[in-house]
Amino acid sequence: MALIEAVNLGIDFTVGPPWARRRLRALQEVSMTIEPGEIIGVVGESGSGKSTFGNLCIGRTRPTMGQLLYRGRPLIDVPRRERAGRFAAVLQHPKWSLNPMLKVQTSVAEPLRIAGSAGTAAELRQKVGAMLELVGLPGSFQDRHPHELSGGQRQRVSIARALITQPEFVLFDEAVSALDVSVQAQILNLIKDLQAKVGFSAIFISHDLAATRYVASRIAVLYAGRMVEDARSEVFYGLAAHPYARGLQFASGLIDDESMELRLGQIDLDAKGCPLAERCPIALPQCRNKVPLMQDTDRHRVSCHAAETKSA
Ligand SMILES: Nc1ncnc2c1ncn2[C@@H]1O[C@H](COP(=O)(O)OP(=O)(O)OP(=O)(O)O)[C@@H](O)[C@H]1O
Ligand SMILES: [Mg+2]
């Protein structure tokens with residue numbers, strides 16, 4: 001059984017001032033499974049729904065459409081205490097997850113307390129020390145405050161905090177984006193090493209297709225709240241199937257096929273047809289009228305009328 005399964009998952013937010021409330025469909029009809037031990041890279045432009053999807057996957061938000069299943073049961077039915085031990089997140093700015101007033105030990109140990117498994121003070125000190133060593137920091141750093149650490153060290157502390165309960169699933173949301181390039185590489189290596197050692201599944205969200213390639217075994221591409229492609233990493237980076245995915249690859253210099261350059265345009269969350277149609281270099285007439293369905297080919301899952309035509 002899959003560790004995580006999204007079934008037609010979606011969420012509407014209510015946005016705008018009280019006198020002009022409107023619905024914003026931030027994610028819709030996303031279906032995918034995540035197996036134990038997989039790291040899924042989630043890519044897409046700003047506003048495409050990456051964080052929304054990640055937050056639904058760890059039960060931080062409740063879907064308004066479809067379901068998010070954890071080992072076959074709706075994640076929202078899993079009690080908070082159990083979820084706290086099994087799900088964790090590492091966010092972009094360690095500032096947000098590490099309280100500057102608290103010692104590293106207190107922050108790293110917090111998930112244990114929520115999960116009800118903190119133990120005695122001596123046990124806690126031993127656990128936190130061992131965890132800090134696992135992420136490449138001296139155990140004595142537990143007595144420091146966040147301002148006494150570098151950005152990279154703070155992100156290592158955030159990772160220690162996320163992994164202290166030995167979670168089954170970890171959300172990394174732009175976890176390396178705020179770091180210097182050389183530090184990014186160290187943290188990416190750390191995430192890979194820890195995954196191999198400890199064996200969690202993860203979603204790794206990033207704008208950076210090269211970073212994603214480095215850690216993820218599978219790539220999911222979001223556009224306008226829809227999943228447009230899902231493929232194993234080597235297939236995706238060999239040749240992505242969806243024109244949006246190729247556009248992203250062109251924009252990040254991974255391919256040099258100029259014909260794949262995306263036109264500028266707003267992300268249209270309420271499009272009647274394919275949300276990419278106005279920007280797509282290979283759009284067909286039907287793309288403006290009908291949302292393409294996710295198709296399984298032997299190498300990709302992809303939702304694109306043009307890709308369908310090619311494989312037909
Ligand atoms: N809590 C919320 N309330 C209202 N709207 C939201 C909320 N969270 C996200 N949104 C909206 O949902 C859409 C998707 O947002 P999301 O944060 O998931 O995008 P993203 O792909 O993570 O973008 P970024 O790369 O900028 O982090 C955006 O239009 C955003 O404004
Ligand atoms: Mg985000």
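Keep in mind that this is a model prediction, so the values were computed, not measured. Every number for a ligand or one of its atoms is a count from 1 in the order of the listing.
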S.K.: Can a salt bridge be assigned to the pair Glu82 and Arg73 using a cut-off of 4.0 Å between side-chain N and carboxylate O?
M.R.: yes
S.K.: Taking NZ, NE, NH1 and NH2 as the nitrogens, is one of them in Asp12 or Arg22 under 4.0 Å from a carboxylate oxygen of the other?
M.R.: no
S.K.: Is there side-chain contact between Ile76 and Tyr70, with heavy atoms separated by less than 4.5 Å?
M.R.: no
S.K.: Quick check: does Ser51 put an N/O/S atom under 2.8 Å from the Mg ion (ligand 2)?
M.R.: yes
S.K.: Would you verify that at least one protein heavy atom lies under 4.0 Å from atom 30 (C) of ligand 1, or report that none does?
M.R.: no
S.K.: Should Gly49 be counted as touching ligand 1, given the test is an N or O pair under 3.5 Å?
M.R.: yes
S.K.: Is it the case that ligand 1 has an N or O less than 3.5 angstrom from some N or O of Lys50?
M.R.: yes
S.K.: Do the side chains of Val30 and Leu27 get nearer than 4.5 Å, heavy atoms only?
M.R.: yes
S.K.: Give the atoms of ligand 1, by number and element, whose distance to some non-hydrogen atom of His207 is under 4.0 Å.
M.R.: 25 (O)
S.K.: Might you confirm whether atom CZ of Arg232 has over 12 heavy atoms from other residues, nucleotides or ligands at distances under 6.0 Å?
M.R.: no
S.K.: For atom 6 (C) of ligand 1, grab the closest protein heavy atom and report residue, atom and distance to one decimal in Å.
M.R.: Phe13 CD1, 3.3 Å
S.K.: Considering distance alone, does some N or O of Gly47 sit under 3.5 Å from an N or O of ligand 1?
M.R.: yes
S.K.: Could you check atom 12 (O) of ligand 1 against the protein and tell me its nearest heavy-atom contact, residue, atom and distance included?
M.R.: Ala26 CB, 3.2 Å
S.K.: Would you kindly check if the NZ (Lys) or CZ (Arg) of Arg83 is within the cone defined by 45 degrees around the ring axis of Phe87 and under 6.0 Å from the six-membered ring centre?
M.R.: no
S.K.: With atoms numbered from 1 as shown, which atoms in ligand 1 lie under 4.0 angstrom from a non-hydrogen atom of Val15?
M.R.: 4 (C), 5 (N)
S.K.: Looking only at protein heavy atoms, identify the closest one to atom 27 (O) of ligand 1 and say how far it is in Å.
M.R.: Ser51 OG, 3.9 Å
S.K.: Closest non-hydrogen protein atom to atom 16 (P) of ligand 1, residue and atom name please, with distance?
M.R.: Thr52 OG1, 3.6 Å
S.K.: Between Arg263 and Glu278, does any NZ, NE, NH1 or NH2 come within less than 4.0 Å of an OD or OE carboxylate oxygen?
M.R.: no
S.K.: In the protein, which heavy atom is nearest to atom 26 (O) of ligand 1, and how far is it?
M.R.: Ser46 OG, 2.5 Å
S.K.: Between Tyr244 and His242, what is the ring plane arrangement, given parallel below 30°, perpendicular above 60°, and tilted in between?
M.R.: perpendicular
S.K.: Going by the atom numbers of ligand 1, which of them fall below 4.0 Å from some non-hydrogen atom of Glu45?
M.R.: 21 (O)
S.K.: Is atom 20 (P) of ligand 1 less than 4.0 angstrom from some protein heavy atom?
M.R.: yes
S.K.: So that I can tick it off, tell me whether Glu38 and Arg218 are bridged by a salt bridge, with the cut-off set at under 4.0 angstrom between side-chain N and carboxylate O.
M.R.: yes
S.K.: Looking at Glu45 and Arg279, is there a salt bridge between them, counting it only when a charged N and a carboxylate O are closer than 4.0 Å?
M.R.: yes
S.K.: If you have a sec, work out which protein heavy atom is nearest atom 11 (C) of ligand 1 and how many Å separate them, to one decimal?
M.R.: Leu24 CD2, 3.7 Å
